[in-house]
Visitor: 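One structure coming up, written as structure tokens, with questions to follow.
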Amino acid sequence: EEEEEGGDYVRLGSTVTVLDKEFNEEESYKIVGSQEADPMNGRISEESPFGKALLGKAVGEVAVVEAPAGNIEYEVVAIQR
């Protein structure tokens, strides 16, 4: 059951704005189930490494995504439901 109130933390259904700490660029993504994922259109699966790193984070927290080229850090800037 989804909660109606605000976006205190990233969860399934959240739209998250993150700051890529390496390139200093903001990007927005919606966290969705694996069947709905469409990364080219900003819909990230909760089961992907990026989705897993963001789940449970609050505004101001940093998510670290493990990538083949090394860890990538994203700061959570905003969360919307």
Visitor: Please check this pair: side chain of S14 against backbone of V16, looking for a donor-acceptor N/O pair closer than 3.5 Å.
Guide: no
Visitor: Do I72 and V10 belong together in a cluster built from hydrophobic side chains that touch within less than 4.5 Å?
Guide: yes
Visitor: Is there a path from V59 to V65 through hydrophobic residues (I, L, V, M, F, W, Y) whose side chains come within less than 4.5 Å of each other?
Guide: yes
Visitor: Considering all heavy atoms of both residues, which atom of S34 and which atom of S45 are nearest to each other, and what is their separation?
Guide: CA-OG, 3.6 Å
Visitor: Just to verify, what does T17 make a side chain to side chain donor-acceptor pair (under 3.5 Å) with, not counting sequence neighbours?
Guide: S28
Visitor: Is there any ring-ring contact (aromatic ring centres under 6.0 Å, His included) pair reaching into residues 48-81, and which pairs are they, with sequence neighbours excluded?
Guide: Y29-F50, F50-Y74
Visitor: Could you work out, with side chain to side chain donor-acceptor pair (under 3.5 Å) as the rule, every residue matching N41, not counting sequence neighbours?
Guide: D38
Visitor: Should side-chain heavy atoms under 4.5 Å link Ile, Leu, Val, Met, Phe, Trp and Tyr, which residues sit in the same cluster as L19?
Guide: V77
Visitor: Return the minimal non-hydrogen interatomic distance between G13 and R81, and the atom names on each side.
Guide: C-NH1, 3.9 Å
Visitor: Decide yes or no for R11 and E46: does some side-chain heavy atom of the first lie under 4.5 Å from some side-chain heavy atom of the second?
Guide: no
Visitor: Which residues satisfy the side chain to side chain donor-acceptor pair (under 3.5 Å) test with E61, sequence neighbours excluded?
Guide: none
Visitor: Are L54 and I31 packed together at the side-chain level, in the sense that at least one heavy-atom pair is separated by less than 4.5 angstrom?
Guide: yes
Visitor: Please say yes or no: joined through hydrophobic side-chain contacts below 4.5 Å, possibly via intermediate residues, are L55 and V32 part of one cluster?
Guide: no
Visitor: Which residue pairs pass the salt bridge (charged side-chain N to carboxylate O under 4.0 Å, His left out) test when at least one of the two sits in residues 13-37, sequence neighbours left out?
Guide: K21-E75, E36-R43
